Amino acid sequence: MAAYTAVISLLQTLEQLQERHPVLIQGQTAKTLESLHNTAEYFQNFVEEASKSRFDPEKIKSIEEIIKSAASDAEDVIEMCWTCENASESSLNKNLRPVVERINTIKNEVMEIVFDFSTSSRNYHRFLESVGDFLIDSTSSRTNQMLQNLDGDIVQGLYEDLEIIVRRLTEPLSNLNIITISGMGGIGKTTLARKAHDHLKIRYHFDIRVWITISQVYGSRNVLLEALHCISKQTNIEIEKDYEKKEDNELADLVQKILKSRRYLVIVDDIWSTDVWDSIRAIFPDCNNRSRILLTTRETKVAIYANPINRHEMNPLNLENSWKLLRAKVFGPEYDHPPELEEIGKQIAEKCQGLSLINFISRRNIRLTWRLIQLWIAKGFIRRPESDKSLEEVAEDYLEDLISRNLIIVNKRRFSSQIKVCGMHDRLHEFCLTEVEMTKFMHVERTDVVLTLSTQKYNGRRFSFQINSYSDDRRFKLLPSVARSIYLFSKTNNFVRSEVFSCFHLLRVLAIFDVNESFLFLPVITKLFHLRYLQVRSLAKLPASISELQNLQTLIYERSYNHATLPEKVWTMKNLWHIHIKKSCYLPSPGKKSILYKHLGMPNLVELSNLYFTSCTNEILYSIPNLKRLIVHHDDLPKQSWVNRPVDMSSLTKLEALKCVSNAFLSWTPPISIKESFFSASLKRLTLAGWFGFPWEDLSTLVNLPNLEELKLKDRAAIGYVWRLRDDDIFESLKLLLFRNVVLVNWVASSDNFPSLKHLVQKKCDNLKEIPIDFGEICTLESIELHNCSPSAEDSARKIEQEQEDMGNNCLKVYIHT
């Protein structure tokens, strides 16, 4: 991982240098950089293939460490020259030459190693067998020991899963059928498969039961040997001696010969690749005798590839079963537990987050997924794609890939299926921390003892201090000047002098999480030329010198009270993608009188959070034409100038999500006019929250938004006793409609007004008498969800559901929460 990210980051830096400083890329320097780029791409391919290959793991690890170091050093040289005011083509070439020579030497060494592996297949196979057998034996022994420890326990929460698997394994289908069990690591896939393997019904049903564990160091010979090893233990089957000495093709013939004459069950545990499945699938014959293959995998794509129909996805244990499992393990299944320990026992079980006993861990949540994605991009982990996809879209694909591997857990998705909250379990988190320390990818410090950082120069480039106090400058003096990322977390009073960052000229990410907002935003921070991601909490104003951060992509500025005003020079920051200001902020106009006016604007800005409505002028909105997500605020001031004013957002032709928040109190006159405002036709998600008090008839004009899929009205955003929709008021694309604490008594509408609606959610709508009975005829409607609504509204929802069930429609579900 560390080598891969170093190479991708180098490639990103090379491509950005060529794009932004073409004057430096001439003559011999151009040839040198081209050579460096080609070598970096070769390293990228090598690292990608090595992760899938069967090369010597220790040798690969050693090579990757060398590649990581060389790539990082090359990037240091490029960025140092980039930062230098007197940078020239000759100075860049002079500094790069020794680095390129070193990298070319490493490339030659890698090519020799690859050649040796490809030409020494016999030695390679002997090596593979020894390593593979060791991994299989050690894995099997650990698994068996774990299962023996669990033998006396009731595997709580697996009863239903076990019944499903046993039923699928014994169903009358005569052809060879493949069943898969998928789910995140530690959820109990192997335990479930073992329980099925040992089930009495399965023992009687199959003549042969074979258990095979696939390791990351995979070899088809190991699979054949393990299959024969299982078969040889079954006393009713005779197998010739010394089969270990046979060639691979002879072993395959022997396995097939034995399996062809019997009904068999083969369990392939922890298969991780579609290529591995392809290579072993042909070993098992289809004799039309109801034989079965059961796969366990944490890779969803492997399960779908093996059999998209007969998949079984495991879910975490609920609280009750987690507690039963813990109780059985601690006190034994036959003994009562002390009553005084039940409360604390259930708290421990709850901390398991649904994993089995051996994985008592809690979950780390990443609340805002977009911040994670922006950090990946800022660090250079995401390479610009050759396709039309943006860096964000590529990063989202990576995140989805981690989710499909069950390494990342999705806690909450948007209605559009976009990930909103994700997380990982502590066990995986701790493993990652160990790995990044071993590979020197990142240093994480979670203690207040300064000596945990070596007094010698540390070779890392990324640092995270999760400590009570970081006001001691000695920590920062121990960090190397080539540091790329620094995170500071603290829950106590701190005062970190911003001068300590002055030596980190190559810093890309700086995030200071200080709950007391004691950080002073001094000009030294704005001298960090390569900074791409800046997140701070501070009471100080953003200085005009912030505009010197011309590479900045993400700015997150948090303060607990009062608004912020962005400096006018922010308009010169062409590379800003995301601006998030806590509370709310004013954005000054670019200024038509400025001689720089024609060069001003933020063409790459895609997200702007918490902008005041007063800053939504045509001049400002025209200067951010590619905005996709916008949050705007309104408060009580100035009252007189903002009454029923129209807002023109038609210039934001790429705007997809708009959230309007009113902080005004008891304002019965809407600050803006929905009816007279112009919104972009591209808008897909619209949220109106707070005391706007829009008349319901004005909200009917939103039917003019052809792509609107989500509409959320919250906290008296709309006021009026009746919302009466006309026949031609049709929300063509609306799929989600949510009301929360709005003033509405009678809702007069029909199914024709919402032809595409999928989900209707009502929260705290205690005045609403009923949901239009005609809504049951919306063929796309999947759910009606009510939270703390009136009894009559609940009755109307139940009536709709009952009528649909009577007509044979079981797709509509009603959920009522009180």
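Everything numeric here is computed off the predicted structure, so don't read it as measured data. We're numbering straight along the sequence, starting at 1. Quick note: numbers below take in every heavy atom, side chains included, and nothing from hydrogens, waters or symmetry partners.
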Sorted by chain and number, sequence neighbours left out, side-chain contact (heavy atoms from CB on, under 4.5 Å) with Asn288 holds for Ser174, Asn175

Scan side-chain atoms only and decide if Arg383 and Gln44 contain a donor-acceptor pair under the 3.5 Å cut-off. yes

Tell me if a side-chain donor or acceptor on Thr687 pairs with a main-chain N or O of Lys712 at a distance below 3.5 Å. no

Closest contact, heavy atoms only, Pro755 versus Ile778: O-CG2, 4.1 Å

Short side-chain donor-acceptor distance under 3.5 Å, Asp269 and Thr190: yes

Can a donor-acceptor pair be found, under 3.5 Å and without considering hydrogens, that links the side chain of Asn307 to the backbone of Ile178? yes

Separation of Leu734 CG from Ser756 OG (nearest 0.5 Å): 8.5 Å

Is there side-chain contact between Asp401 and Glu396, with heavy atoms separated by less than 4.5 Å? no

Please report the C-alpha distance between Leu686 and Glu709 in whole Å, then the side-chain angles of each, then the deciding distance to 0.1 Å, and finally whether the side chain to side chain contact (heavy atoms under 4.5 Å, CB included) criterion is met. CA-CA 8 Å; Leu686 175 61; Glu709 296 180 353; over 6 Å; no

In the structure I gave you, are the side-chain heavy atoms of Glu794 and Arg798 within less than 4.5 Å of one another anywhere? yes

Arg209 side chain to His197 main-chain N or O, any donor-acceptor pair under 3.5 Å? yes

Specify the closest pair of heavy atoms between Leu812 and Ser783, including all atoms of both residues, with the distance to one decimal. CD1-N, 3.8 Å

Within a strict 4.5 Å, meaning less than it, do heavy atoms of the His205 and Arg263 side chains meet? yes

Please assess Tyr815 against Lys813 for the test side chain to side chain contact (heavy atoms under 4.5 Å, CB included), listing each intermediate value before the final yes or no. CA-CA 7 Å; Tyr815 305 96; Lys813 302 297 180 184; 3.5 Å; yes

When you check the gap from the basic side-chain N to the acidic O, do Glu392 and Arg629 get nearer than 4.0 Å? yes

Look up atom CD1 in Ile267 and atom CG in Leu169, then write down how far apart they are to the nearest 0.5 Å. 7.5 Å

Who pairs with Gln802 by side chain to side chain donor-acceptor pair (under 3.5 Å), at least two apart in sequence or on another chain? Asp806

Are the side chain of Arg168 and the backbone of Arg311 linked by a donor-acceptor contact shorter than 3.5 Å? yes

Which residues pass the side chain to side chain donor-acceptor pair (under 3.5 Å) test with Asp278, sequence neighbours left out? Tyr305

Using a 4.5 Å cut-off on heavy atoms from C-beta on, say whether the side chain of Leu251 contacts that of Leu228. yes

Run the ring-ring contact (aromatic ring centres under 6.0 Å, His included) test against His759 and tell me which residues pass, sequence neighbours left out. Phe415

Determine whether a donor-acceptor pair (N or O, by modelled atom type, separation under 3.5 Å) exists between the side chain of Arg167 and the backbone of Thr170. no

Leu265 and Ile202: CA distance, side-chain angles, deciding distance, side chain to side chain contact (heavy atoms under 4.5 Å, CB included) verdict: CA-CA 9 Å; Leu265 168 64; Ile202 297 298; 3.7 Å; yes

Are the side chains of Arg298 and Lys189 in touch, meaning some heavy atoms are under 4.5 Å apart? yes

Any residue meeting salt bridge (Lys or Arg N to Asp or Glu O under 4.0 Å) with Glu393, in chain and number order, not counting sequence neighbours: none

Asn809 and its side-chain hydrogen bond (donor to acceptor under 3.5 Å, both in side chains) partner, picked from Glu777, Gln804, Glu803, Glu801: Gln804

Under the side chain to side chain donor-acceptor pair (under 3.5 Å) test, residues paired with Arg203 that sit two or more places apart: none

So, taking the atom named CD1 in Ile382 and the one named CG in Leu391, what distance separates them when rounded to the nearest 0.5 Å? 7.5 Å

Considering residues at least two apart in sequence or located in another chain, which fulfil the ring-ring contact (aromatic ring centres under 6.0 Å, His included) criterion with Tyr4? none

Check salt bridge (Lys or Arg N to Asp or Glu O under 4.0 Å) between Asp397 and all other residues, then give those that pass, not counting sequence neighbours. Lys389

Is any side-chain heavy atom of Leu760 closer than 4.5 Å to a side-chain heavy atom of Glu785? no

If you round to the nearest 0.5 Å, how far is NZ of Lys257 from CD of Glu250? 12.0 Å

Rounding to 0.5 Å, atoms CZ (Arg194) and CG (Leu162) come to a distance of 13.5 Å

Test salt bridge (Lys or Arg N to Asp or Glu O under 4.0 Å) applied to Glu710 - qualifying residues, sequence neighbours left out: none

CA sep, side-chain torsions, deciding dist, call: Val266, Leu294, side chain to side chain contact (heavy atoms under 4.5 Å, CB included): CA-CA 6 Å; Val266 173; Leu294 178 63; over 6 Å; no

Would you say the side-chain atoms of Thr274 pair up with the backbone N or O of Val302, donor to acceptor, closer than 3.5 Å? no

Closer than 3.5 angstrom, by distance alone: can the side chain of Gln256 be matched with the main-chain N or O of Ile283 as a donor-acceptor pair? yes

Side chain to side chain donor-acceptor pair (under 3.5 Å) against Ser751, all qualifying residues, sequence neighbours excluded: Asp774

For the student: nearest non-hydrogen atoms of Pro285 and Leu176, plus distance: O-CD2, 3.8 Å

Hey, what do you get for CZ (Phe206) to CZ (Arg262), rounding to the nearest 0.5 Å? 15.0 Å

Find out whether Thr297 and Asp270 are in side-chain contact, i.e. whether some heavy atom of one side chain is under 4.5 Å from a heavy atom of the other. no

Restricting to non-hydrogen atoms, name the atom on Gly776 and the atom on Ile800 that form the minimum distance, rounded to 0.1 Å. CA-CG2, 3.6 Å

Run the ring-ring contact (aromatic ring centres under 6.0 Å, His included) test against His312 and tell me which residues pass, sequence neighbours left out. none

Mind checking ring-ring contact (aromatic ring centres under 6.0 Å, His included) for Phe731 and listing every partner two or more places apart, or none if nothing turns up? Phe754

Can you check whether Met314 reaches Leu192 side chain to side chain, under 4.5 Å on heavy atoms? yes

Contact summary for Ile214 and Ile271, nearest pair of heavy atoms: CB-CA, 4.3 Å

Distance-only polar pair, side chains of Trp277 and Ser279, donor-acceptor under 3.5 Å: no

Where Ala303 and Thr180 come nearest, the two heavy atoms and their spacing: CB-OG1, 3.7 Å

Would you please classify the geometry between the His787 ring and the His817 ring as parallel, tilted or perpendicular, with 30° and 60° separating the classes? parallel

For Ser182 and Glu313, test the side chains for any donor-to-acceptor distance below 3.5 angstrom and give the result as yes or no. yes

